[in-house]
Each structure stands twice: as structure tokens, then as C-alpha cells.
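Within every chain, numbering begins at 1; the chains are lettered A, B, ... in the order of the sequence lines, protein sequences first and strands thereafter. Computed from heavy atoms alone, side chains included, the values below leave out hydrogens, waters and symmetry copies.
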Amino acid sequence: EPEVTQTPSHQVTQMGQEVILRCVPISNHLYFYWYRQILGQKVEFLVSFYNNEISEKSEIFDDQFSVERPDGSNFTLKIRSTKLEDSAMYFCASSESKTGETQYFGPGTRLLVL
Amino acid sequence: AQSVTQLGSHVSVSEGALVLLRCNYSSSVPPYLFWYVQYPNQGLQLLLKYTTGATLVKGINGFEAEFKKSETSFHLTKPSAHMSDAAEYFCAVSRYNQGGKLIFGQGTELSVKP
């Protein structure tokens with residue numbers, strides 16, 4: 001069964017450093033999403049992406065964040081200058097439907113900012 | 001704005017007992033409703049969804065949920081709990097014209113006692 005994959009599974013970084021989280025969505029999907037879950041809190045929407053453009057972003061997704069589909073398979077989330085409060089589990093999801101009725105989630109990347 | 005409230009952050013049942021996980025939503029337009037499950041160290045897996053049509057929806061692993069518009073609820077049930085059902089369960093809502101952005105509840109951790 002096709003699945004969304006994410007790398008790395010865990011990343012530790014120093015405050016102020018740049019991190020890139022990588023996702024490989026399901027191959028025929030066209031709609032992509034990033035969510036995050038701070039420990040003990042809700043899963044929160046960050047951004048949706050379609051046709052090489054951001055479709056929607058949340059208030060969390062400020063200028064420190066960017067997304068890119070650098071090639072036909074990868075979908076990346078970059079945090080330019082990490083803060084302590086960026087420590088969270090980051091989930092990538094993909095969907096073949098514009099309504100995102102069925103979003104398939106990856107296993108997540110646990111980011112720890114020290 | 002849409003929101004989701006899950007009543008009870010922890011629910012414990014005995015093996016073979018009824019599972020009932022509560023979810024109430026707020027939405028100004030007819031919502032799409034979802035239940036996701038997260039097993040330890042894994043991503044979010046879709047259990048079931050309601051978009052339109054029949055209000056009682058069946059999902060994987062014997063779970064089902066009923067959309068009750070008058071009560072703004074979408075409670076998840078399973079007649080007989082198995083040990084393997086122990087996991088975190090998330091209720092989520094989206095709107096058709098929001099491109100699939102999911103708004104999640106806080107999550108309910110289900111424990112199953114032998």
C-alpha cells in the first residue's frame with residue numbers, strides 16, 4: 001500500500017539553525033500539507049500546497065517557514081532560524097482530492113530545538 | 001471559525017467493553033468530519049469520515065461514528081474493545097471550500113485493560 005514517508009524521524013538542532021524536513025508524498029497525489037503537534041497539544045495545521053503554490057497557511061506559518069517541491073517527489077518544510085518553541089512533531093500529509101477528504105499522513109519528524 | 005472538542009483526554013475500558021469516544025464540533029457550514037488514530041511512534045491513520053449522505057459511517061477495525069447535526073456531535077464507538085485498540089484518537093473537521101485544512105481536537109488516549 002502506498003504511504004507517505006518522512007525524513008529524518010528525529011532531528012536535534014541548536015536555536016537559530018536552519019532545518020529542512022523532508023516528505024515524500026504518495027506518487028499520484030497533488031495536494032500536500034504540513035501539520036505540527038507540540039508535545040501535549042493539538043495537531044495544528046501549518047500550510048497546504050498545490051501546483052507549486054501555497055493554497056493556505058496558518059498564523060503559525062510566518063516568514064521563518066517555507067515550503068518547496070524541489071522535484072517531482074519531495075515536499076520540504078524549511079525553518080530558517082529555529083526557536084525553542086518550534087520543538088514539535090511535524091507531520092506531512094498528501095491527498096489526491098482538492099477537498100482533502102482523505103489525507104494520508106506520514107509518521108512524522110520529531111524536532112528538538114536546544 | 002471551526003473548532004473541535006473531545007470530551008475526556010483519557011478513557012479506559014476493559015477488553016470486550018463498549019468504546020465510546022466523544023467529539024463535538026463547531027462549524028457555520030456543513031462540515032466534513034473525521035476520526036484518526038495514532039499508534040505509538042506512528043503517523044495518523046484515517047479510521048473513518050463523514051462527508052455527505054448516510055449519517056452512520058463505518059470505518060476500519062470495527063469502529064463507527066454517527067453524525068448528529070442537532071447535537072453537533074460525531075462520537076466514535078466500537079461494541080467490543082480489543083487490546084490492540086489502545087492508541088490516541090483524534091477527531092477532526094474541515095470545510096469543503098478550505099482546501100482540506102483539518103482542524104483537530106485535543107485527542108483522547110484510549111487504554112484497554114485485560
Side-chain angles (χ1 to χ4, degrees), chain A residues 1-10 21 23-26 29-51 53-61 88-110, chain B residues 1-10 23-27 29-53 57-60 65 67 74 87-109:
Chain A
E1 185 176 326
E3 58 182 17
V4 177
T5 59
Q6 290 185 242
T7 54
S9 57
H10 294 79
L21 309 184
C23 169
V24 179
I26 294 173
H29 287 185
L30 300 176
Y31 302 89
F32 313 115
Y33 309 84
W34 283 102
Y35 294 83
R36 79 170 185 191
Q37 185 181 29
I38 295 172
L39 190 64
Q41 298 186 23
K42 295 183 182 186
V43 177
E44 301 172 291
F45 169 80
L46 291 178
V47 66
S48 57
F49 188 87
Y50 168 71
N51 198 25
E53 288 185 349
I54 290 175
S55 305
E56 185 177 2
K57 59 183 181 180
S58 72
E59 292 175 354
I60 303 166
F61 195 88
M89 179 74 93
Y90 289 81
F91 293 105
C92 173
S94 71
S95 170
E96 60 180 338
S97 159
K98 182 179 182 179
T99 62
E101 279 180 30
T102 301
Q103 293 182 28
Y104 294 85
F105 282 76
T109 293
R110 184 168 295 284
Chain B
Q2 293 180 302
S3 66
V4 175
T5 302
Q6 290 183 239
L7 298 176
S9 57
H10 292 89
C23 172
N24 288 89
Y25 69 91
S26 170
S27 179
V29 296
Y32 288 176
L33 294 159
F34 307 83
W35 276 99
Y36 280 85
V37 61
Q38 184 181 31
Y39 298 102
N41 301 314
Q42 294 187 28
L44 298 165
Q45 181 183 7
L46 182 67
L47 269 181
L48 49 79
K49 64 183 180 184
Y50 168 79
T51 54
T52 58
V57 292
K58 296 185 186 300
I60 61 172
F67 168 57
F74 191 58
E88 185 100 21
Y89 292 80
F90 294 93
C91 183
V93 64
S94 74
R95 289 171 56 162
Y96 176 85
N97 63 356
Q98 281 195 342
K101 166 185 166 182
L102 290 170
I103 306 297
F104 284 88
Q106 197 77 10
T108 298
E109 183 178 356

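Although no hydrogens or angles enter the test, the distance criterion places a donor-acceptor pair under 3.5 Å between the side chain of A/Tyr35 and the main chain of B/Leu102.
For chain A, the nearby parts of B/Gln106 are the backbone and the side chain; heavy atoms of each come within less than 4.5 Å. Of the two parts of B/Leu46, only the side chain, counted from C-beta on, holds a non-hydrogen atom closer than 4.5 Å to a non-hydrogen atom of chain A. For A/Tyr104, no part sits under 4.5 Å from any heavy atom of chain B, backbone or side chain. For A/Glu3, no part sits under 4.5 Å from any heavy atom of chain B, backbone or side chain. With a threshold of 4.5 angstrom between heavy atoms, B/Gln45 does not approach chain A through any atom at all.
With sequence neighbours excluded, no residue forms a salt bridge (Lys or Arg N to Asp or Glu O under 4.0 Å) with A/Lys42. With sequence neighbours left out, B/Glu88 forms a salt bridge (Lys or Arg N to Asp or Glu O under 4.0 Å) with no residue at all.
Note that NZ of B/Lys101 and OG of A/Ser55 are 12.5 Å apart. Values are rounded to the nearest 0.5 Å.
Note: B/Gly105 leads B/Ala92, B/Gly105, B/Ser9 in heavy-atom pairs under 4.5 Å with chain A.
In this structure, A/Leu39 places its CG atom where only 12 or fewer heavy-atom neighbours from other residues, nucleotides or ligands lie under 6.0 Å away.
The minimum heavy-atom distance linking A/Phe91 with B/Gln38 is given by the pair CZ-NE2, 3.3 Å. Closest of all the heavy-atom pairs between A/Gln37 and B/Phe90 is NE2-CZ, 3.5 Å.
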